[in-house]
Protein chains: 2
Amino acid sequence: MNKRTKIYEGKAKILYEGPEAGTIIQFFKDDATAFNNQKHDVLEGKGALNNRFSEYFMQRIDLIGVPTHFIKRINMREQLVKKVEIIPVEVIVRNVVAGSMAKRLGLEEGMALPRSIVEFSYKDDALGDPLVSDEHVTALGWATPPELDDMIAMTLRINDFLTGLFAGIGIKLVDFKLEFGRLVEDGLMRIVLADEISPDNCRLWDIETNEKLDKDRFRRDLGGVMEAYREVAKRLGLLQEENSEIRDHKGPVLVSDNKD
Amino acid sequence: MNKRTKIYEGKAKILYEGPEAGTIIQFFKDDATAFNNQKHDVLEGKGALNNRFSEYFMQRIDLIGVPTHFIKRINMREQLVKKVEIIPVEVIVRNVVAGSMAKRLGLEEGMALPRSIVEFSYKDDALGDPLVSDEHVTALGWATPPELDDMIAMTLRINDFLTGLFAGIGIKLVDFKLEFGRLVEDGLMRIVLADEISPDNCRLWDIETNEKLDKDRFRRDLGGVMEAYREVAKRLGLLQEENSEIRDHKGPVLVSDNKD
């Protein structure tokens with residue numbers, strides 16, 4: 001691997017400068033963290049799987065015309081994306097009560113919400129990504145009102161789309177987190193979906209059994225984290241049925257639809 | 001089967017009065033028609049499959065909170081639905097150019113549209129379900145402006161949801177037709193999704209090969225109509241893998257998720 005400039009290292013990804021101006025390489029690490037880094041582990045194969053998941057979802061979201069930062073997957077652990085200015089707001093959609101929302105509001109986990117709820121968190125590890133309202137987002141200048149409107153509209157469309165996509169493979173999309181960025185192209189600035197979409201930042205429950213197929217298995221010490229991620233990948237057709245011959249090569253066998 | 005009152009017989013369905021006031025039984029026929037009845041055939045098993053498809057999609061659409069007329073499937077060919085006053089407008093969503101749109105506008109079939117387009121047809125067989133604009137719909141009183149707004153908003157959400165659902169099983173949702181009705185419950189009138197959703201009124205192409213998996217196989221004499229419908233059902237998990245033992249019973253083997 002040739003020398004390259006590290007721009008940023010986060011909990012689950014490293015960003016390097018890309019080969020051309022305006023591009024970035026996202027490297028997916030195997031690290032898993034929870035509760036703002038208080039819990040940490042290395043899950044072999046997670047990086048490669050999340051790289052593939054994110055490629056898949058970003059490409060599929062193109063079907064509904066929502067713009068993303070994604071360009072192409074480069075290899076097992078890396079993908080090329082457009083360089084954007086990340087808006088420091090995590091956008092969370094909740095279809096079913098779970099996690100911090102259950103705790104914060106004293107609601108029972110698993111309760112279907114009468115309608116989907118969009119929440120915002122201020123992206124700041126030192127502060128523990130605190131919940132904020134749309135008022136904070138616009139008054140503190142993290143996003144302008146039109147930018148926030150765009151983010152919400154795209155988020156609701158992505159929610160409908162992903163709810164359908166997961167329903168088709170027998171999975172309930174309980175909640176998920178998105179990040180957006182400002183992209184300047186041809187002198188025009190617009191908001192695009194950035195970061196990643198993977199079981200690291202979605203809650204995914206089997207639609208029949210409510211079995212958790214996401215990072216909550218790690219957060220809550222339920223075991224079988226990678227088995228759950230692989231189950232999701234298998235249902236999406238991203239992973240060949242396991243067989244011992246292939247497994248001898250170690251790690252998941254990814255099915256690529258990258259034609260180049 | 002006990003005597004019951006036929007309310008209406010259409011090309012692919014018969015409607016009977018339901019067991020309770022405000023309910024209707026939809027009976028799915030095996031008849032296939034095209035080009036406003038100029039072409040007709042009987043496809044064994046189509047009715048049962050479309051009954052199951054429509055149950056599946058109407059139930060799944062509940063995940064995004066869009067209201068439908070569906071109550072429950074009663075048996076292989078019949079489902080119980082709420083009695084609604086059908087709005088005489090077919091709402092068509094197009095994601096990719098195909099069929100009448102390609103012909104009417106001289107566009108190449110298969111061209112992805114820059115954004116999804118919603119079209120309206122006036123439901124009138126004698127007139128050949130002519131294309132109309134939103135102006136006709138509201139000016140001629142088929143729907144009020146707020147009703148039409150509701151229909152369009154629900155249609156766009158259903159489009160995002162179904163596009164995701166089909167993408168998850170490797171199918172491109174090219175276009176589809178919806179019908180809506182007025183439902184009065186607790187003294188309040190609202191618009192709900194009615195009629196059916198099945199490969200009879202969707203264009204579904206395999207995402208890799210563009211193979212047609214819908215009623216165009218019948219319209220265009222491509223053969224393998226029921227095989228295509230069964231392929232869609234299989235990918236949705238509605239149909240068990242065929243095996244000779246089960247096939248001896250004739251017709252498709254449907255997997256029911258009807259718990260009652």
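Just so you know, these numbers use all the heavy atoms, side chains as well, and skip hydrogens, waters and symmetry mates.
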So which residue, A/Ile207, A/Val96, A/Val66, ends up with the most heavy-atom pairs under 4.5 Å with chain B?
A/Ile207

Which residues, numbered in order, of residues 188-205 of chain A come under 4.5 angstrom of chain B by heavy-atom distance?
none

More than 12 heavy atoms from other groups under 6.0 Å of CZ on B/Arg115
no

Heavy-atom contact with chain B under 4.5 Å, split by part of A/Leu156:
neither

Just to be sure I understand the criterion: a residue of residues 158-180 of chain B counts if one of its heavy atoms is under 4.5 Å from a heavy atom of chain A. Which ones qualify?
B/Asp160, B/Phe161, B/Thr163, B/Gly164, B/Leu165, B/Ala167, B/Gly168, B/Ile169

Above 12 or not: heavy atoms from other molecules or residues under 6.0 Å from CD of B/Glu227?
yes

